Amino acid sequence: MVVAMEQFFQRLFSFIEFGESFIWSYMGIPAILLLGIYFTVRFKFPQMQSMLSAYSFFKDLFQTKGSDAEGIHPLKTFFSALGGIIGIGNIVVVCISVEIGGPGAIFWVWMTGLMGMILKYAEIYLGLRYRERNSDGSYSGGPLYFLKQVKGGKVLSYLFAFFMCIYGIEVLMFNVIVESFEADLLIPRPAGIALLLGAIFFAVKGGGKRVANIATVVVPVFIVVYVALGGYIIFSHSDLIWPTIKLIFSSAFTGHAAVGGFLGSTLLVTIGQGIQRGCYTGDICVGYSSMIYSEARVKDPKEVARLGIWAIFMDTFVVCTISVFIVLLSGVWNDGTTASFMVKKALSQHFPSVNVFMAALLFLTGYSTIIAFFFVGMKSAAWLSPRYGQKIYLVYGVLAQIFFSFVDTTQAASLMGFSGACLMLINVYAITTLRKEIKF
């Protein structure tokens with residue numbers, strides 16, 4: 001019986017891995033690049049416009065006034081959404097792209113981030129424009145609402161909600177945190193699972209405002225600490241910075257030959273890994289961020305939608321870049337170390353007690369991601385069944401997270417990747433159809 005179950009799940013995950021690879025390779029990557037180029041040309045490189053107007057933009061947002069009854073403060077939704085994309089994905093998933101695709105993969109992560117900035121803007125803008133006010137005064141928006149405006153939208157909205165329910169249970173992050181508790185703090189796995197589940201339900205029970213408040217505290221602390229540690233390591237290897245940059249750009253257009261513990265990669269593998277992992281870490285065209293930002297207290301959708309550009313900047317060009325540079329400069333990327341432990345090994349070369357530090361780091365970043373995703377999963381479940389959806393989802397969430405705490409990390413990543421790919425296809429279709437409705 002046990003053997004039969006193992007064989008069933010092996011076949012299931014093989015199918016999921018194939019589906020994930022097929023969707024990204026033949027549909028997702030071309031769609032992301034072409035749609036990103038279209039909006040970049042149409043709006044005359046809005047990414048750069050936002051960078052140049054950063055001071056006045058954030059100054060105006062800080063001065064946003066209003067009561068909680070009018071929605072969540074825009075900056076709190078920013079950190080809440082940022083909490084969902086900045087975290088373990090920037091530490092582990094981006095290292096997977098290097099592990100499989102070589103150093104050049106980070107170049108394609110950057111290109112994806114550049115295109116993803118404007119795509120993130122587009123989905124947030126549409127989510128805010130077509131959002132609806134709830135009976136308690138809060139707002140609901142995102143793809144579930146702007147899908148109503150496209151052909152076949154009713155069916156697609158339910159399909160989107162279904163996949164978001166799967167995506168909303170961040171089994172990869174949960175798996176990594178529980179493993180870290182066990183390996184670094186010697187906390188038994190059942191106890192680690194119970195502690196983390198309790199912390200998740202505490203946050204989710206408070207709704208969007210509690211999730212936003214937690215993320216507003218956790219995310220800035222993580223960014224400051226991680227940038228400081230990463231910056232120290234980078235400047236400690238200052239003599240290798242330029243050779244590493246040349247390695248990244250040469251590998252980005254040629255692939256990378258086998259070296260050390262690295263098996264080598266072709267150009268297509270390098271490009272594919274960079275774009276796919278870049279989309280995952282930045283939640284590009286998945287729709288999660290659009291649902292979070294739709295609760296913001298704002299009159300003009302353009303004001304909050306621009307925060308999506310800054311979220312991708314922080315995620316891709318700051319945190320992901322630091323992760324890749326410290327594993328490249330320290331040499332752990334090609335010494336046989338698995339992606340899950342690359343950053344930890346690089347940090348251990350410079351800082352003592354890294355086990356305790358990494359456990360705390362992974363918990364804080366993973367926790368902010370898990371609760372943000374769980375929140376949008378709950379909203380999607382309520383969309384599917386207003387009466388029973390959230391109750392069923394809580395049960396599913398507990399069972400799924402417990403189950404994936406005992407499986408291989410790559411299987412958890414495959415499930416997240418496949419469900420994210422399906423969400424991306426639906427979202428890209430809606431954004432493409434409604435492209436003329438988007439203003440910058």
Side-chain angles (χ1 to χ4, degrees), residues 86-110 172-173 175-177 179-180 182-185 222 225-252 255-265 269-270 273-274 276-278 280-281 315-363 365-366 408-410 413:
I86 285 187
I88 294 173
N90 307 91
I91 299 173
V92 176
V93 174
V94 74
C95 289
I96 293 176
S97 70
V98 174
E99 180 183 41
I100 300 175
I106 187 60
F107 172 83
W108 296 104
V109 171
W110 291 336
L172 173 60
M173 305 289 180
N175 180 297
V176 172
I177 293 174
E179 281 191 351
S180 176
E182 187 174 47
D184 298 326
L185 301 180
F222 163 73
V225 172
Y226 196 64
V227 169
L229 296 178
Y232 175 82
I233 294 176
I234 291 170
F235 284 109
S236 295
H237 297 276
S238 57
D239 57 317
L240 298 177
I241 293 176
W242 181 241
T244 299
I245 292 174
K246 290 196 293 185
L247 177 65
I248 288 172
F249 279 88
S250 63
S251 299
H256 200 86
V259 55
F262 180 65
L263 298 177
S265 64
V269 170
T270 300
Q273 282 296 313
Q276 182 179 340
R277 306 305 174 184
Y280 176 78
T281 64
D315 171 83
T316 302
F317 294 95
V318 177
V319 184
C320 282
T321 299
I322 286 177
S323 293
V324 170
F325 264 83
I326 65 177
V327 301
L328 292 178
L329 291 170
S330 61
V332 301
W333 72 278
N334 65 350
D335 68 357
T337 304
T338 59
S340 299
F341 296 99
M342 282 185 182
V343 170
K344 177 181 176 180
K345 187 172 181 179
L347 290 174
S348 68
Q349 296 175 1
H350 297 268
F351 304 104
S353 304
V354 73
N355 285 357
V356 175
F357 171 76
M358 281 301 295
L361 185 70
L362 291 175
F363 170 72
T365 57
D408 188 83
T409 304
T410 57

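In this text, all values refer to a predicted model and were calculated from it rather than measured experimentally.
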Closest heavy-atom contact between [X] and [Y]?
X: Gly274; Y: Val109; answer: O-CG2, 3.3 Å
X: Leu229; Y: Leu347; answer: CB-CD2, 4.4 Å
X: Ile86; Y: Phe222; answer: CG2-CE2, 3.2 Å
X: Ala105; Y: Ser97; answer: CB-O, 3.4 Å
X: Thr337; Y: Val332; answer: CB-O, 3.8 Å

From [X] [atom1] over to [Y] [atom2], what is the distance, rounded to the nearest 0.5 angstrom?
X: Gln349; Y: Ser330; atom1: CD; atom2: OG; value: 5.0 Å
X: Leu328; Y: Ile248; atom1: CG; atom2: CD1; value: 5.5 Å
X: Ile91; Y: Ile326; atom1: CD1; atom2: CD1; value: 8.5 Å
X: Leu240; Y: Leu329; atom1: CG; atom2: CG; value: 6.0 Å
X: Ile233; Y: Phe351; atom1: CD1; atom2: CZ; value: 5.0 Å

Within residues 231-241 or reaching into it, pairs that qualify as side chain to side chain donor-acceptor pair (under 3.5 Å) - sequence neighbours excluded
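Of all non-adjacent pairs touching residues 231-241, those that pass side chain to side chain donor-acceptor pair (under 3.5 Å) are His237-His350.
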
Distance-only donor-acceptor hits, side chain of residues 317-324, under 3.5 Å, sequence neighbours excluded:
residue : atom : partner : partner atom : Å
Thr321  : OG1  : Trp110  : NE1          : 2.9
Thr321  : OG1  : Thr316  : O            : 3.0
Thr321  : OG1  : Phe317  : O            : 3.4
Ser323  : OG   : Asn90   : O            : 2.7
Ser323  : OG   : Tyr226  : OH           : 2.6
Ser323  : OG   : Val319  : O            : 3.3

Heavy atoms, side chains only, cut-off 4.5 Å: are Thr244 and Pro103 in contact?
no

Could you walk me through whether Ile241 and Ile245 pass the side chain to side chain contact (heavy atoms under 4.5 Å, CB included) check?
CA-CA 6 Å; Ile241 293 176; Ile245 292 174; 3.9 Å; yes

